[in-house]
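The next block holds one structure in the form of structure tokens; read it before the comments.
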Amino acid sequence: MVIAMSKDSTDIYNIIGKNIKKYRKQKGWTQRELAEKLLLSDSFIGKLESITHQTISIETLEQIANVLEVDIQRFFDKEEKEL
């Protein structure tokens, strides 16, 4: 399953990306280190953490949440602040 939002909803990707970046930084990891743990490219993580990425699968979000040891729901929290 892939999350695909309308243009009006694209800020959800910004929220998700900022939260992933927050939890990655809490671990003290670089984008490359997170990517290696997930067997993904560091450019994918970079795009995910920016506003340039427009879709992501639930499965990939779940993998990221597991590696970062955070509940997947935290990625959607608009109140999460970046470190």
Please report the shortest heavy-atom distance between [X] and [Y], naming the atom on each side.
X: I16; Y: F76; value: CD1-CE2, 3.5 Å
X: F75; Y: L61; value: CE1-O, 3.6 Å
X: A65; Y: D71; value: CB-C, 4.4 Å

* Asked: For S43, what residues pass the side-chain contact (heavy atoms from CB on, under 4.5 Å) criterion, not counting sequence neighbours?
  ->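 Only S41 meet the side-chain contact (heavy atoms from CB on, under 4.5 Å) criterion with S43.
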Roughly how far, to the nearest 0.5 Å, is [atom2] of [Y] from [atom1] of [X]?
X: Q63; Y: I72; atom1: CD; atom2: CD1; value: 10.0 Å
X: L48; Y: Q31; atom1: CG; atom2: CD; value: 9.0 Å
X: L68; Y: R74; atom1: CG; atom2: CZ; value: 13.0 Å
X: I20; Y: I15; atom1: CD1; atom2: CD1; value: 12.0 Å

* Asked: salt bridge (charged side-chain N to carboxylate O under 4.0 Å, His left out) with K37: which residues, sequence neighbours excluded?
  ->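 Salt bridge (charged side-chain N to carboxylate O under 4.0 Å, His left out) check on K37 returns nothing, list empty.
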* Please examine the side chains of E49 and K18, heavy atoms only from C-beta on, and report whether any two atoms are closer than 4.5 Å. =>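 A side-chain contact under 4.5 Å is absent here.
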* Asked: Would a 4.5 Å heavy-atom cut-off, applied to side chains only, mark T60 and L38 as touching?
  ->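 Heavy-atom side-chain distance check fails, nothing below 4.5 Å.
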* To do: Would you check if the side chain of R32 reaches a backbone N or O of D42 as a donor-acceptor pair within less than 3.5 Å?
  =>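 No: the side chain of R32 does not pair with the backbone of D42.
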* Asked: Should I64 and I56 be marked as a side-chain contact (heavy atoms from CB on, under 4.5 Å) after you check the CA-CA gap, both sets of side-chain angles, and the distance that decides it?
  -> CA-CA 11 Å; I64 295 169; I56 185 168; 4.2 Å; yes
* To do: Please report the C-alpha distance between L34 and F44 in whole Å, then the side-chain angles of each, then the deciding distance to 0.1 Å, and finally whether the side-chain contact (heavy atoms from CB on, under 4.5 Å) criterion is met.
  => CA-CA 10 Å; L34 177 58; F44 176 81; over 6 Å; no
* Does the pair E33/K27 count as a salt bridge with the N-to-O cut at 4.0 Å? ->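 Looking at E33 and K27, the cut-off is not met.
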* Please name all residues satisfying side chain to side chain donor-acceptor pair (under 3.5 Å) with N66, sequence neighbours left out, ordered by chain then number. =>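 Here no residue qualifies.
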